[in-house]
J.: 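Let me give you the structure first, and then I'll get to my questions.
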Number of protein chains: 2
Amino acid sequence: MIEDTYSMKINEYLPLRDIVFQTLRKAILTGELEPGERLMEIQLGEKLGVSRTPIREAIRKLELEGLVIMVPRKGAQVAQFTEKDIQDVLEVRAALEALAAKIACKRMDDRAFLKLQLAITEYEYAAREKDVETMIEKDVEFHETIFNATQNDKLIQLFNNLREQVHRYRIAYLKNVGESELVHTEHLELLDALKQRNEELAEDIAAKHIQTQCVSIMRFIKNKAVITEEE
Amino acid sequence: MIEDTYSMKINEYLPLRDIVFQTLRKAILTGELEPGERLMEIQLGEKLGVSRTPIREAIRKLELEGLVIMVPRKGAQVAQFTEKDIQDVLEVRAALEALAAKIACKRMDDRAFLKLQLAITEYEYAAREKDVETMIEKDVEFHETIFNATQNDKLIQLFNNLREQVHRYRIAYLKNVGESELVHTEHLELLDALKQRNEELAEDIAAKHIQTQCVSIMRFIKNKAVITEEE
DNA sequence: AATGCATTTGATGTATACAAAATCCATTTA
DNA sequence: TAAATGGATTTTGTATACATCAAATGCATT
C-alpha cells in the first residue's frame, strides 16, 4: 500500500523541466525542430505554456546530450548532424552492441530468448504491412532486450543515448524492402548465436549488423540530399 | 586580428553556469563533495557567490552525467557510486579502449607514437619519484593520445565521460608500486602493438589493460573500506 | 511519557524582473 | 548608391520573488 502510493507519486510527479526536456528532445529527433533552428526561450515558453526557467533547464540537458549547441550570447540551436557524426556514433555503437551481445550470451535466459523471438516476429508482421513505425519499435525492442540482459546499467544508458542520436535518420530508411529484410535476417542470426552461447559469433554478428545499418543510412542520406535539394 | 579577438572572446567568456558546473564536477570527482551529500542551491550559491539560477543549470548537467541524482521535491545529491557501477563503467570502457586501439592502429603517425613514448617515459620518471599526481596525468595523456588519434569525436566524448566517472577511485591506487609498474609495462606493450599495426593484438592489450585496472581498483576499494570504517 | 495535530521553517519548483549584449533597421553621410 | 552609425528591439544571462511542498518543531492531550 505504501509502496503503491510511493511509486504512484514517482510516476505522477514530473517537474516541468523534464516534460519540456522530453518534448523538445522528441521534437528534435523527429525533425520537427530542424537542425540549425534556434531555440528561443520566450517563444518556446509561450508555445508550451511555461516560463523560461524550465525551458532553460531542459536546454542544459539537451546541450550535454549534444542535441543542441550553445552559441555564446546567442542561445541554443538544434545541433547539425553531419555524415561523419553519424558514422562516429555508429562506429561506437557497433562496439557497444558487440559487447552487449557477448555479455548477453552468458546471461540470457529462456524468457529473454522468447522476448527476442517475439520482437522478431512482430517486426516481420509489421514489415509485411509496411508499418514502419511498428517496425522501428520492434527493432528497438530487440536491441533493448539484449542490452537489458547485460544488467550493465552504464552500457544500457549509453545505448539509449546513442540510439536516439541517429533515430531521426532511421525513421525512413527501413521503408526500403531490401533493407528491412536484411534487418530481419540479421536479427535471426544473432538470436541463433545467442542461443548457442557462441560469444565470438554473437559479437561479430552484432557489430556487422550495425555496420550494415550504417551503410544503409549513408545511402539513404545521399538519396535524401538529392531529393531535398530539389524541394 | 579578427580571428584573434574572436578566439580570445571564446576563451574569455564563460557563463557562470559553466564555471559552476566545472567547479561542482571537480568537487564531486575529487571527493570534496561526498557521495550522498545534498546539494542545496542557496547554500552553494552563497559559497560560490552566485544566485540559484546558474547553480540549478549546472545541476541539470551533472544530473544528466549521472554525477548527481535528483530526489523529487528534495533536490540534488551527489550520486552514490557502488562497486557494480565501477565495474559497469570499466567494462564499457574496456570495449571502447579496444575500439580506440583498433582504429588508432590504422591512423597513428610517427608524431603520435612519439607522444605516446613521451607520456610513457614521463610516467616512468614520475613513478620513480612516487609523484602520483603526475603519474595520473601522464596515464591520462597516454590514453587520450590514442583516443584522439581515432578522430572519432563521439568516441572521444564518451571516453572523457567514462574516464572522469572513475577518476576519484584512481587517485590512490597507483600509489602501490606493483600496480604502477604493471601499468607501465602494459603501456609499452600497447605502444608496441600499435607500431606493429597489429589491430587484434592492440585491441586485446587495450581491453586487458582496463580489466587490470578494474581488478586493482576493486582491491583498493576493499582495503579502503576497511580503513574508513575504522575512522 | 507518548502520540497526534498544528505551526513554522526551509528547500525546491516556477515565474518574473533587470542588465548587458547582440542584432536589426533606418537614417545619415561620403 | 553604398557604407557607416546610432538607436530601438530582441534575446540571453543572472538575480530575485512567489508558490508549493516536506519535514521538523512544539504544544496539547491522552
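All chains are named by letter (A, B, ...) in the order of the sequence lines, taking the proteins before the strands, and each is independently numbered beginning at 1.
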J.: Using a strict heavy-atom distance below 4.0 Å, which residues from residues 35-56 of chain B are in contact with DNA chain D?
T.: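 Heavy-atom cutoff 4.0 Å gives B/Val50, B/Ser51, B/Arg52, B/Thr53, B/Pro54.
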J.: For A/Glu57 and A/Arg73, find the nucleotide of DNA chain C closest to each by heavy atoms; which residue's nucleotide sits nearer the 5' end?
T.: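 The 5'-side residue here is A/Glu57.
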J.: Which donor-acceptor pairs under 3.5 Å do the side chains of residues 89-97 of chain B make with protein atoms, sequence neighbours left out?
T.:
from: B/Glu91; atom 1: OE1; to: A/Asn152; atom 2: ND2; distance (Å): 2.9
from: B/Arg93; atom 1: NE; to: B/Glu97; atom 2: OE2; distance (Å): 3.1
from: B/Arg93; atom 1: NH2; to: B/Glu97; atom 2: OE2; distance (Å): 2.8
from: B/Glu97; atom 1: OE1; to: B/His143; atom 2: ND1; distance (Å): 3.1
from: B/Glu97; atom 1: OE2; to: B/His143; atom 2: ND1; distance (Å): 3.2

J.: Side chain to side chain donor-acceptor pair (under 3.5 Å) with B/Lys47: which residues, sequence neighbours excluded?
T.: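 Side chain to side chain donor-acceptor pair (under 3.5 Å) list for B/Lys47, sorted by chain: empty.
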J.: In residues 131-138 of chain A, what donor-acceptor pairs under 3.5 Å come from side-chain atoms, sequence neighbours left out?
T.:
from: A/Asp131; atom 1: OD1; to: A/Glu133; atom 2: N; distance (Å): 3.4
from: A/Asp131; atom 1: OD1; to: A/Thr134; atom 2: N; distance (Å): 3.2
from: A/Asp131; atom 1: OD1; to: A/Thr134; atom 2: OG1; distance (Å): 3.2
from: A/Asp131; atom 1: OD2; to: A/Thr134; atom 2: OG1; distance (Å): 2.4
from: A/Lys138; atom 1: NZ; to: A/Glu122; atom 2: OE1; distance (Å): 2.7
from: A/Lys138; atom 1: NZ; to: A/Glu141; atom 2: OE1; distance (Å): 3.3

J.: Starting at atom CG of B/Leu16, determine the distance to atom C1' of D/dG13, rounded to an integer number of angstrom.
T.: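 Result: 8 Å.
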J.: For residues 35-46 of chain B, which residue pairs pass the salt bridge (charged side-chain N to carboxylate O under 4.0 Å, His left out) check, not counting sequence neighbours?
T.: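 Of all non-adjacent pairs touching residues 35-46 of chain B, those that pass salt bridge (charged side-chain N to carboxylate O under 4.0 Å, His left out) are B/Glu41-B/Arg52, B/Glu41-B/Arg56.
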J.: Listed in order of residue number, which residues of residues 59-68 of chain A have a non-hydrogen atom at under 4.0 Å from DNA chain C?
T.: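 By residue number: none to list.
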J.: Tell me whether the OP1 or OP2 atom of D/dG13 has a side-chain N or O from B/Arg17 closer than 4.0 Å.
T.: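 Checking D/dG13 against B/Arg17, a side-chain N or O does come within under 4.0 Å of OP1 or OP2.
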J.: Take atom CG of B/Leu14 and atom C1' of D/dT12, then tell me their distance rounded to the nearest Å.
T.: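 In whole Å, D/dT12 C1' lies 15 Å from B/Leu14 CG.
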J.: For residues 143-152 of chain B, which residue pairs pass the salt bridge (charged side-chain N to carboxylate O under 4.0 Å, His left out) check, not counting sequence neighbours?
T.: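 Those involving residues 143-152 of chain B are B/Glu144-B/Arg163.
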J.: Within a strict 4.5 Å, meaning less than it, do heavy atoms of the B/Asp88 and B/Gln165 side chains meet?
T.: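 They are not in contact (no side-chain heavy atoms under 4.5 Å apart), so the answer is no.
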J.: Quick one: which residue pairs count as a side-chain hydrogen bond (donor to acceptor under 3.5 Å, both in side chains) with a foot in residues 18-29 of chain B, not counting sequence neighbours?
T.: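 For residues 18-29 of chain B, and leaving out neighbouring residues, the side-chain hydrogen bond (donor to acceptor under 3.5 Å, both in side chains) pairs sorted by first residue read B/Asp18-B/Lys61, B/Arg25-B/Glu65, B/Arg25-B/Glu164.
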J.: Between C1' on C/dT12 and CE on B/Met70, what's the gap in Å once rounded to a whole number?
T.: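 Going from CE in B/Met70 over to C1' in C/dT12 covers 8 Å.
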J.: Among C/dT12, C/dA21, C/dT14, which nucleotide has an atom closest to any side-chain atom of A/Pro15?
T.: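 Among C/dT12, C/dA21, C/dT14, the one nearest the side chain of A/Pro15 is C/dT14.
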J.: For A/Ser180, which residues count as a side chain to side chain donor-acceptor pair (under 3.5 Å) partner, sequence neighbours excluded?
T.: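 Side chain to side chain donor-acceptor pair (under 3.5 Å) list for A/Ser180, sorted by chain: empty.
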